[in-house]
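I have placed the structure first, in the form of C-alpha cells, so that the comments after it can refer back to it.
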Amino acid sequence: MSNNEVRVRFAPSPTGALHIGGGHTALFNWLWARHTGGKFILRIEDTDLVRSTKEYEQTIMSGMTWFGLDWDEGPDKGGDYGPYRQSERLDIYRKYANKLLDEGKAYKDGDAIIFKVEPGLDISFDDIVYGKINVMSDGLKEQNSDKLKDIVIIKSDGMPTYNYAVVIDDALMHISHVIRGEDHISNTPKQILIYRALGFDVPQFAHLPMILGKDKKKLSKRHGATSVYEYRDMGYMPDSVFNFLALLGWSAEDHEIFTRAEAAELFELKRVTRKPAVFDPDKLNYINQEHLKRLEPMVRLSMIKPFWEAMNLPVASHDDKWLADALTLMAGRGQTAKEMAEFSDYFVSFEPVKARWDGKDISEDRRPSLKEFFNAVLSEPEWTHEKLEERARAWVEEHGVKMKDYAMPLRFALTGMKVSPGVFEVAVHLGRDEVKRRLEFYNLI
RNA sequence: GGUCCCAUCGUCCAGAGGCCUAGGACACAGCCCUUUCAAGGCUGCGACGCGGGUUCGAACCCCGCUGGGACCGCCA
C-alpha cells in the first residue's frame, strides 16, 4: 500500500452546518491535495446516532461547494475506498475489533469492546507542523487517578468510537496525511496505538492551529456568526472567506490577496504556524472588499443581484450591462456584497430614494437658486460627467457660491443619501430623463 | 489533578544566530486628493512576556518562570 500519492481527507460529523473551524480544516486539506496533485476525500463521521442527520450532511456538502472545495471521493461521488459514510462501514469496524479481540489486544465489557493500553510504550510522533511530540503510554491516565485508561473502540450500541473508526478509515482509505485541528494532538498517540496493534502504516500528521474569538477562546456561537452560510448571507464572497481563512496559520510569500489557484500553488504544509489565530472580522471585511474590487463587472453584478432582489428592487427592468456599469461606479464603496447592494439601490429604483428623503429640508428661499443651477447643468448638450462638472463649476464660480451647497442637494435628489460616487457620474449613468424626473419630483427644476 | 501544545505590534503574518535601531497587512490617528463617502498616496502609533544560560554575537538555541490553550466521554 505504498506509493507516494498524497491522499488527504476532511471528516466532519453531520451534527451541524459547516462552521468556520471546519471550513479552515477542510480548506488546508484541499490546499495540500491540490498543491501536490493528490486526492481530497470527504468522509462523513456519523457514528453519533443521536446528533447526526442527513440534512446536516447535505448542508456541509453544499457549504463546501459554496466555498469552492471540491472533493475527489466521497459519499456522493464514490471512489475506490468506500463506503465514505461511517454508518455504512460498521461491519468493517466489527471485523477489526474481532481481530483485536482474538489477539487478546482488546476485551469485552458488556456489549462494548475496549482496547487495552499497555504501559511503557513510546507513542511519540513527528508532526509536520508541530514537530516532535513526545508521549508515553503511561501518560494516558484516568482523570484524577494513576490508573492507565484503556480505549473504548466499540460502544455498547455497536457503533465505533471516534478514535477507533478514524484509524480504521484513514488506514483503509490510504490517507497519507492526516491534517486536522490542534485539538486532536492529544488523540493522536491513542490512535497510533491502534494503528500499531492492527499492523497498519501510520500516516503523517499535520495539526493546524485553532481559531479563536476576540476573547482568545476557541471560536464558538458566542462569538457570533460561525457557519459559513452566515457569511454568505452577510454578503461575503466565497473567495474572500477562502482567502481569509487561508491566512489564518499560513502566509503566501508576498501577497495577501489571492485566488484559490494561487493559494494552492503556493501552499506549503511546513509553513503552517503553531500559534492559535484570532478571527478578525476587520481583516475579513478588508479582504472581501479587495475581492469585490477585483471582480469582472458582470461577475460582480451576479454577486450583488441576489441582495437587490432580496430588497425587492426591480432588477429585471434594467439591462445587465447597465447595472454592472453602475456597480463599477461604486468602486471601493462597501465591504460586502450586501453593503454594496444597499449603497447602490438608487440605480435600480427611485422608490428607495423617495423613502429616504422627502426634500422637506430644502427651504423655499433656496429653491430658486437651486433650480437655476440644475437647469444650467441640465442644459449641457454633451451628457458626460466631465462636461456636467465643467458647467457646474462655471456656474458656481460665476455666482460666487460653493459647489458643495449645490452638489449635495443634487446627490440627495438622485440617491437619497449623503454618500455616493461622484454626483455627476451618477447623473450621467442614470440618464438625463431620469435625472429630470427625480428633480421634478422634488420640485427642484 | 494528569498529559501535551503555544508565546514577535491590538489582530494576522515575515523573521529559520549577525541582513533587525525587528518588516508587511488589517485596525487606529493625521495629512494629501476632493461636491460627499469610499478608494488611492504619504506619515505616524505600535511587539520580540520575564529571568538565567550557550555564543564574539540571540527575536531566533537550551533551562526555568509566568501567561495562554487543548485533551483526559461508550462526542467527534
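Each chain gets a letter, A, B and so on, in the order its sequence line appears, and its residues count up from 1.
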Contacts under 3.5 Å, N or O only, protein and nucleotides 7-9 of chain B:
{"residue": "B/U8", "atom": "OP2", "partner": "A/K275", "partner atom": "NZ", "Å": "2.9"}

Exercise. Distance under 6.0 Å and angle within 45° of the ring axis: does A/R367 meet both against A/Y442?
Worked result: no

Exercise. To the nearest angstrom, how far is A/I185 atom CD1 from B/C4 atom P?
Worked result: 12 Å

For this session: Provide the distance between the two P atoms, one in B/A7 and one in B/G24, to the nearest whole Å.
Result: 23 Å

Exercise. Between A/F242 and A/R260, is there a cation-pi geometry (under 6.0 Å to ring centre, at most 45° from the normal)?
Worked result: yes

Seminar exercise, completed: Using Watson-Crick geometry (N1-N3 plus N6-O4 or O6-N4) or G-U wobble (N1-O2, O6-N3), each under 3.5 Å, B/C37 is paired with none

For this session: Determine: side-chain N/O of A/K149 to OP1/OP2 of B/G73, distance under 4.0 Å, yes or no.
Result: yes

Exercise. Taking everything shown except A/E230 itself, do over 12 heavy atoms lie less than 6.0 Å from its CD?
Worked result: yes

Exercise. Given B/G10, B/A25, B/A14, which nucleotide is nearest the side-chain atoms of A/R271?
Worked result: B/A14

Exercise. Taking any strand in view, what nucleotide pairs with B/C28 in a Watson-Crick or G-U wobble way, both distances under 3.5 Å?
Worked result: B/G44

Exercise. Side chain of A/S251, base of B/C13: donor and acceptor closer than 3.5 Å?
Worked result: no

For this session: Report the nucleotide, chosen from B/C12, B/C37, B/C74, that has the shortest atom-to-atom distance to any side-chain atom of A/T161.
Result: B/C74

Exercise. In terms of heavy-atom contacts, does OH of A/Y162 have more than 12 from other residues, nucleotides or ligands at under 6.0 Å?
Worked result: yes

Problem set entry | Inter-nucleotide C1' distance (B/G53, B/C12), Å rounded | 33 Å

Exercise. With under 30° as parallel and over 60° as perpendicular, where do the rings of A/F279 and A/Y231 fit, or are they tilted in between?
Worked result: tilted

For this session: Check whether any side-chain nitrogen or oxygen of A/K218 sits under 4.0 Å from OP1 or OP2 of B/C71, and answer yes or no.
Result: yes

Problem set entry | OP1 or OP2 of B/G1 under 4.0 Å from side-chain N/O of A/K141 | no

Exercise. For residues 41-57 of chain A, which residues have at least one heavy atom under 4.0 Å from RNA chain B?
Worked result: A/E45, A/T47, A/D48, A/R51

Exercise. Closer than 4.0 Å, any side-chain N/O of A/T273 to the OP1 or OP2 of B/C13?
Worked result: yes

Exercise. Considering only the C1' atoms, how many Å lie between B/C32 and B/C20, rounded to the nearest integer?
Worked result: 31 Å

Problem set entry | Counter-base of B/A70, judged by Watson-Crick or G-U geometry with both distances under 3.5 Å | B/U3

For this session: Could you pull out all residues at least two apart from A/D48 that satisfy side chain to side chain donor-acceptor pair (under 3.5 Å)?
Result: A/R51

Exercise. If we ignore angles and hydrogens, is there a donor and acceptor under 3.5 Å between the side chains of A/N163 and A/T161?
Worked result: no

Exercise. Which nucleotide in the list B/C26, B/C37, B/C12 gets nearest to the side chain of A/L247?
Worked result: B/C12

Problem set entry | Value in whole Å for how far the C1' atom of B/C12 lies from CH2 of A/W250 | 14 Å

Exercise. Does a donor on one side chain and an acceptor on the other come within less than 3.5 Å for A/R294 and A/T259?
Worked result: no

Problem set entry | Of the listed nucleotides B/U34, B/C12, B/G1, the one nearest the side chain of A/R393 | B/U34

Problem set entry | Among B/C5, B/U36, B/A70, the nucleotide that comes nearest once only the side chain of A/R411 is considered | B/U36

For this session: Round to the nearest Å and state the distance from A/D280 atom CG to B/C26 atom P.
Result: 11 Å

For this session: Provide the distance between the two C1' atoms, one in B/G49 and one in B/C60, to the nearest whole Å.
Result: 16 Å

Exercise. Is there a donor-acceptor contact under 3.5 Å linking the side chains of A/Y84 and A/D169?
Worked result: no

Problem set entry | Closest listed nucleotide, where the reference is the side chain of A/V278 and the choices are B/U11, B/C13, B/C74 | B/U11

Exercise. Just to confirm, is there a sub-4.0 Å distance from OP1 or OP2 of B/C26 to any side-chain nitrogen or oxygen of A/Y286?
Worked result: yes

Problem set entry | Paired nucleotide for B/G64 [Watson-Crick or G-U wobble; both distances under 3.5 Å] | B/C50

Problem set entry | Gap between atoms CD and C1', on A/Q143 and B/A70 respectively (whole Å) | 14 Å

Problem set entry | Strand partner of B/C56, provided both Watson-Crick or wobble distances fall under 3.5 Å | B/G18

Exercise. Do we see a donor-acceptor contact under 3.5 Å between the side chains of A/S379 and A/R391?
Worked result: yes

Problem set entry | Note: A/E118-A/R196 ion pair, threshold 4.0 Å (strictly below) | no

Exercise. Using the C1' atom in both, what is the distance from B/A14 to B/C33, to the nearest Å?
Worked result: 32 Å

For this session: Can you tell me, in whole Å, how much space there is between the P of B/G44 and that of B/G23?
Result: 11 Å

